There are 2 protein chains.
Amino acid sequence: MSQTKPRRALSEAVAVHDQVYDALRLALITGKIAPGRGVSLRSLAAELGVSPMPVRDAVRRLSAERALTINPANKRLSVPSLTSERLAQLQKARLWIEPELAALAAVKASPILIQTLERIDEALGIGVQTGDVDQYMAANHAFHFTLYEAAGADVLLSIAGGLWLQIGPFMRVVFGRLGTAGLGADFHVEALAGLRAGNTETVRNAMAADILQGMDGMREAVLSDEAKPPPLAPKRRYKKPTKA
Amino acid sequence: MSQTKPRRALSEAVAVHDQVYDALRLALITGKIAPGRGVSLRSLAAELGVSPMPVRDAVRRLSAERALTINPANKRLSVPSLTSERLAQLQKARLWIEPELAALAAVKASPILIQTLERIDEALGIGVQTGDVDQYMAANHAFHFTLYEAAGADVLLSIAGGLWLQIGPFMRVVFGRLGTAGLGADFHVEALAGLRAGNTETVRNAMAADILQGMDGMREAVLSDEAKPPPLAPKRRYKKPTKA
DNA sequence: TTTATAGCATTGTGATCACAAATTAGAATA
DNA sequence: TATTCTAATTTGTGATCACAATGCTATAAA
């Protein structure tokens, strides 16, 4: 299992627990790890081909960011379930902080930033047309966060990052049932127009509309999921005894 | 150092890394660990009388919550410095999310909740009069978060908790130079009146005013600190060589 | 067929060790 | 006195083991 790799220098090499973090983060966002599923340190470690130690570090970080849930009784890990309650709270938070970040970024937007965002939005459009969900999601993330990073507000930025991490699993549910079809209006072009014109409020409103539209799609998907029976029936042979 | 304690059951006993987390969190909020100071896993472990392992877990969690900073080059830990930039961002975030939580709580506020808050505010008043900073800070935290918890919005609540954790060190700076004197108007009574009357907007505005007042005091303290030379001059014997 | 029980595998937690990088302290030199 | 080089200490990271608790599976009993 544990092939002896040559140890890399600490200063330049990315730490293994950071790689594991990125891998798990990606797996959560893209829905490779289904919501509600239980995970364990050793199973993740075996799956990723690393020792449990860096997984432990990455998982602690993710659970602090609420991307993973720890059962307080079990101390067992699981991916948070997708409830409309959670989604509503995440929407509320996103609807405030992300337009705020966009407005801050609009004030100090450079031509280079606008050009970068234009290129990203082109890639996003291609992803929509070709139905490439992965490309769409990556480009969408890139569009939002290269804009937000320009705000130069790292405290707020990290909050927004945490929200996206929690929303990731919801996104996959939407695309799992719709694909990239029916995405509605592209508010990114509106935001870009606002950036070029230097109109802060236009940017703010465009991003708010973009978020609102996306979250609406997720809500529909979640609501129709909640109506259905539990996603996977764990074939129980006997009921849990009433043992206290 | 490490006396052999009898191992406790996992299910009921609080895990050591959680105890360490609470201890460090408290130390950060009360300013026992000065902002800007560097810490290390082993030194913290020795100080707390535990092995480095649970400290490692707790520190990962705290750094994910931005209560500790990791130097990306060194991978070395330090307490974030208090800059007016950071404070401004934290104020912006608090001014949105906390009134929001308060308003949500106001809708479903029970008489028991109001009574509990009244008792907490009494304890807060006593702390102010006797000049007991610790009691004041504990009561103040309790007032805000028993109210916020009543909102039943755990996603938003955890964001607010993260903000308080980052603000903690700033608070101590304020009280270190002023004590509990000059705290200004008590907006808690206004919030309580709004809760009794069932007036959501009164509660929202009262909490916003409360936050604004507190953050103003912190800003003044930080600004006068930034004018001064660096808090502790690290007596360097030689300059860092220009080695790339 | 259904329920209870015993045995086994898996889990999180904590401790300890090894390693390499970085920092610090001390000695030697100008 | 000030600077440079070297040795020792401290640091984060990763690996591995032990332990107790929990969960699952197969066997026995109704």
Side-chain angles (χ1 to χ4, degrees), chain A residues 1-21 37-63 68-78 234-244, chain B residues 1-21 37-63 68-78 234-244:
Chain A
M1 288 294 172
S2 61
Q3 64 263 17
T4 49
K5 298 176 193 169
R7 302 202 34 150
R8 305 272 300 281
L10 287 175
S11 50
E12 50 184 64
V14 182
V16 178
H17 69 257
D18 280 325
Q19 299 179 26
V20 172
Y21 174 82
R37 197 175 75 119
V39 293
S40 77
L41 299 182
R42 287 175 176 85
S43 64
L44 287 175
E47 202 167 327
L48 296 171
V50 298
S51 92
M53 201 62 237
V55 177
R56 187 168 165 178
D57 283 340
V59 156
R60 274 262 175 254
R61 196 170 150 198
L62 287 167
S63 65
L68 287 176
T69 303
I70 300 184
N71 186 329
N74 278 4
K75 276 83 184 295
R76 222 145 222 164
L77 294 163
S78 59
K235 48 169 182 176
R236 288 207 167 278
R237 299 263 301 277
Y238 53 86
K239 292 195 299 288
K240 183 79 175 296
T242 56
K243 195 193 81 175
Chain B
M1 287 298 170
S2 62
Q3 64 264 15
T4 49
K5 297 176 193 169
R7 307 224 1 173
R8 305 270 301 280
L10 286 176
S11 50
E12 48 183 65
V14 181
V16 178
H17 69 257
D18 280 326
Q19 299 179 25
V20 172
Y21 174 82
R37 197 175 75 115
V39 293
S40 78
L41 298 182
R42 287 176 177 84
S43 64
L44 286 175
E47 203 168 327
L48 296 171
V50 298
S51 91
M53 201 61 236
V55 177
R56 186 169 166 179
D57 283 340
V59 155
R60 268 263 174 251
R61 195 169 151 198
L62 287 166
S63 67
L68 286 176
T69 304
I70 299 183
N71 186 329
N74 278 3
K75 275 85 184 293
R76 219 145 227 165
L77 294 162
S78 58
K235 49 170 182 177
R236 287 210 168 276
R237 301 263 300 277
Y238 52 86
K239 293 195 299 288
K240 180 80 175 295
T242 56
K243 194 193 82 177

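Residue numbers start from 1 in every chain, and the chains themselves are labelled A, B, ... in the order their sequence lines are given, proteins ahead of strands. Since we're looking at a predicted model, the values are computed, not measured.
A straight line from CG of B:Asn71 to P of C:dA22 spans 11 Å, rounded to a whole angstrom. If you take CG of B:Leu41 and P of C:dC17, they are 17 Å apart, rounded to a whole angstrom. For the pair B:Arg56 CZ and C:dG14 P, the computed distance is 13 Å after rounding to whole Å. In this structure, the CG atom of A:Leu48 is 12 Å from the P atom of D:dA15, given to the nearest Å. What separates CZ of B:Arg60 from C1' of D:dT13 is a distance of 8 Å, to the nearest Å.
Atom CG of residue A:Leu44 and atom CG of residue A:Leu77 lie 8.0 Å apart, to the nearest 0.5 angstrom. Note that CG of A:Leu41 is 10.5 Å distant from CZ of A:Arg76, once rounded to the nearest 0.5 Å. Atom CZ of A:Arg60 sits about 5.5 Å away from atom CD1 of A:Ile70, to the nearest 0.5 Å. If you take NE2 on A:His17 and CZ on A:Arg56, they are separated by 13.5 Å, rounding to the nearest 0.5 Å.
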Intra- and inter-strand pairs of DNA chain D in dot-bracket (Watson-Crick or G-U wobble, both distances under 3.5 Å; | for another strand):
||||||||||||||||||||||||||||||
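B:Val20 comes within 4.0 angstrom of no nucleic acid atom, judged by non-hydrogen atoms across all strands. Within the nucleic acid shown, A:Val39 comes within 4.0 Å of sugar-phosphate atoms alone, with no base atom in reach, counting heavy atoms only.
The 5' end of DNA chain D is approached more closely, in terms of each residue's nearest nucleotide, by B:Met53 than by the other of A:Asn74 and B:Met53.
Comparing D:dG14, D:dT16, C:dG12 against the side chain of A:His17 picks out D:dG14 as the nearest. The A:Leu77 side chain lies nearest to C:dG12 when the options are C:dG12, D:dT11, C:dT13. Ranking C:dG14, D:dG14, D:dT13 by closeness to the A:Pro54 side chain, first place goes to D:dG14. The side chain of B:Ser51 lies closest to C:dG14, out of D:dT11, C:dG12, C:dG14. The side chain of A:Arg76 has D:dG23 as its nearest neighbour among D:dG23, D:dT16, D:dA18. Checking C:dG14, D:dT13, C:dG12 against the side-chain heavy atoms of A:Ala15 singles out D:dT13 as nearest. Nearest nucleotide to the B:Arg42 side chain, out of C:dG12, C:dT16, D:dT13: D:dT13.
With sequence neighbours excluded, the residues that form a side-chain contact (heavy atoms from CB on, under 4.5 Å) with A:Ser51 are A:Met53, A:Pro54. In this structure, the side-chain contact (heavy atoms from CB on, under 4.5 Å) partners of B:Ser40, at least two apart in sequence or on a different chain, are B:Ser43.
For the OP1/OP2 pair of C:dT11 and a distance below 4.0 Å, the side-chain nitrogens and oxygens of A:Ser40 include at least one atom meeting the criterion.
Using a 4.0 Å cut-off between a side-chain N of Lys or Arg and a carboxylate O of Asp or Glu, A:Asp18 and B:Lys75 do not qualify as a salt bridge.
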